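Computed from a predicted structure; not experimentally measured. Residue numbers count from 1 along this sequence.
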Amino acid sequence: MIRFRAAFGAALFSLGLAGQAAAQDITLTSRDGAVEISGTLLGFDGEFYRVDTQFGELTVDGTGVSCDGPACPSLTDFVAEIALSGSSTMAEVLLPALIEGFALRNGYRTRRESGDQAHFSYVLLQSDRSKPIARFDFRVTTTDEGFADLLANEADIVLALREIRSDERDRAREAGMGDMTRPNRSRVLALDAMVPIVAPDNPVRQISTTDLARVFAGEITNWQEFGGPDAPIALHLPDLGSGLAQAVEDRLLRPAGKELARETSHHSRSSALARAVVTDPFAIGIASFAETGTARPLTLAGTCGFSLSASRWTIKTEDYPLTSPMFLYLPARRLPQIARDFLAYTASPAAQIVIRRAGFVDQAPEQIPLGAQGRRLSNAIAAAGPEVGLDELQRLVATLSPMSRLTTSFRFETGSSRPDAQSRANILSLAQALESGGYDARELLFVGFSDGDGPAGANAEIAMKRAEAVRDAVLASAPTARPPRARIGVAAFGEALPMACDDSDWGRQVNRRVEIWLR
């Protein structure tokens, strides 16, 4: 007989935790009694046990073993439990809306159970009886705390308003959770943006990303700098551990070589931040696009006269430079079947409607005709010069005017040819649409654009290479989608259609892109 037994260290007992350890102790025995595995039960998904043993974490098929011990789950009254931790914005608004939508679509009833300020649960019940079948337990924290809970085996799913950082990725891999940056370990659930907001009676209407960084670094401290009153600027951000505040540091301050001013006021909820800004005529905050409340958003402007406001279209296309995807991170382990069904639902067209109704930006592709892009064309004409002449603009209009732009766009990480997080999600989404026949008998044109840094001819070549690389990545992810089901081409116009000024890293990054045009 082969026996595997997990040793619980004497240190647990010396700390007075012997009872807790014993309460989690189980023994799994094969049907013929030949194999026995003992350890701490980490989870049971209705089919498989997950056990921490002296040999590491093991996953065992429940159909081939019997379970003995006080922590053994009931096989007849099993209730799937899914623990979620992280962003308060996602936990309080977005995920509950999606759970309600999932339940309605599948004939379940829901019951919300409140705990303390940081905890609540959604229970799914069969519509014809009161028996619960699943329980979604939420811990309303921050992105930092969400990853900490995952590494401590206290969360199954992390709700994050930023990408996982390199140290978190390394610790997760060391803990046997896999590479959390892979498509099956992370996914973009919805889209958000970092929006600068002021009180409604503040006379300032716009600000550049460069000046916004200087404001939150404490280098610009008076509204007179922007033509406003002679008054000090009060700074407001979410809590430091929140994904949004960290995204401000990662996406706004760090590229400018700046650090956050110590005088910044922090808020545990985005809604509280918006209320604080509204009641102070000299305040400025950076809030979630979905939670600006009655505050007035500022337009992001540049010294060359270009300006961009946060809207559903500009966030979907990443034309707005401070977009912020909302992530789900999942470790490399099985989730209960109902949890897997829920995750599949979140990518469905029905879920995109729920996301939009909840006030967030969904990922369903939309078409924008050339005629609705007058600002972009006027910017192109204004920016034209010796290197981008009238003939190139005429070629652009002749190529694109019979087509519509999809909101599915592709941009790249700073200083890299690697698509950014939202674009990696867009590659998979477009590939799935091609495979499902969503663009059968249509023409898709991958169109590359560049910034204006360098000779126009070289920029056009770079733009073409980017367009070809994105096309190839999409087709590689859609092996069953081959012409002639959809006609796929590439084109490039280099720096001929700028979205933003080229005088900052943000502007250049916005201008380096691949767009999808459809006919």
Side-chain angles (χ1 to χ4, degrees), residues 143-144 160-169 181 188 191-197 206-220 225-226 233 235 237-238 240-262 264 284-289 298-304 306-310 314-315 317-327 409-424 449-454 459 462 466 495 498-514:
T143 298
D144 270 4
L161 288 183
R162 61 164 172 81
E163 287 193 74
I164 189 170
R165 290 177 166 172
S166 57
D167 60 326
E168 295 164 335
R169 176 184 179 183
T181 63
V188 176
L191 305 173
D192 200 358
M194 297 174 277
V195 182
I197 57 173
Q206 61 183 28
I207 191 171
S208 71
T209 50
T210 302
D211 284 344
L212 186 63
R214 294 182 64 203
V215 166
F216 277 89
E219 296 178 2
I220 299 177
E225 292 276 346
F226 306 111
I233 300 174
L235 306 177
L237 277 181
L240 285 174
S242 70
L244 186 64
Q246 292 174 334
V248 169
E249 292 183 292
D250 293 347
R251 302 276 303 280
L252 181 67
L253 295 172
R254 191 166 294 132
K258 303 186 185 303
E259 295 183 357
L260 183 65
R262 293 182 179 179
T264 305
I284 185 171
I286 297 183
S288 159
F289 173 74
L298 294 179
T299 297
L300 294 182
T303 56
C304 62
F306 291 11
S307 62
L308 285 167
S309 299
T314 60
I315 293 172
T317 58
E318 284 192 280
D319 292 347
Y320 183 76
L322 298 180
T323 56
S324 180
M326 311 179 86
F327 296 93
S409 298
F410 306 89
R411 284 184 168 81
F412 308 89
E413 294 178 347
T414 303
S416 170
S417 59
R418 182 176 186 244
D420 63 20
Q422 184 175 332
S423 299
R424 295 196 298 272
F449 295 94
S450 72
D451 58 41
D453 190 13
N459 286 335
I462 292 171
R466 287 196 182 113
E495 57 193 70
M499 297 297 309
C501 304
D502 276 324
D503 59 355
S504 69
D505 290 337
W506 299 286
R508 289 188 289 273
Q509 185 172 3
V510 167
N511 287 334
R512 296 190 293 264
R513 66 197 187 275
V514 174

Engineer: Side chains of Ile233 and Glu225, heavy atoms from C-beta outward: is any pair under 4.5 Å?
Structural biologist: no
Engineer: Would you find a donor on one side and an acceptor on the other, under 3.5 Å apart, between the side chain of Thr314 and the backbone of Ser309?
Structural biologist: yes
Engineer: With distance as the sole test, does Arg411 use its side chain to make a donor-acceptor pair with the main-chain N or O of Glu318 at under 3.5 Å?
Structural biologist: yes
Engineer: Search all heavy atoms of Pro321 against all heavy atoms of Leu308 and return the closest pair with its distance.
Structural biologist: CD-CD1, 4.0 Å
Engineer: Quick one: CG on Leu237 to CZ on Phe216, what's the gap to the nearest 0.5 Å?
Structural biologist: 5.0 Å
Engineer: Any donor-acceptor pair under 3.5 Å linking the side-chain atoms of Asp420 with those of Gln509?
Structural biologist: no
Engineer: What is the distance from atom CG of Asp453 to atom CG of Asp451, rounded to the nearest 0.5 Å?
Structural biologist: 5.5 Å
Engineer: In chain order, what residues pass the side chain to side chain donor-acceptor pair (under 3.5 Å) check against Ser450, with sequence neighbours excluded?
Structural biologist: none
Engineer: Leu212 and side chain to side chain contact (heavy atoms under 4.5 Å, CB included): which single residue from Leu253, Ile207, Ile220 fits?
Structural biologist: Ile207
Engineer: For Glu219, I'd like to know if atom CD has over 12 heavy atoms of other residues, nucleotides or ligands within 6.0 Å.
Structural biologist: yes
Engineer: Please confirm whether the backbone N or O of Ala245 pairs with a side-chain atom of Arg162, one donor and one acceptor, at under 3.5 Å?
Structural biologist: no
Engineer: Which atom pair, heavy atoms only, marks the closest approach of Asp192 to Ser288?
Structural biologist: OD2-OG, 2.6 Å
Engineer: Against Glu163, only a single residue in Arg424, Arg251, Arg169 fulfils salt bridge (charged side-chain N to carboxylate O under 4.0 Å, His left out); can you say which?
Structural biologist: Arg424
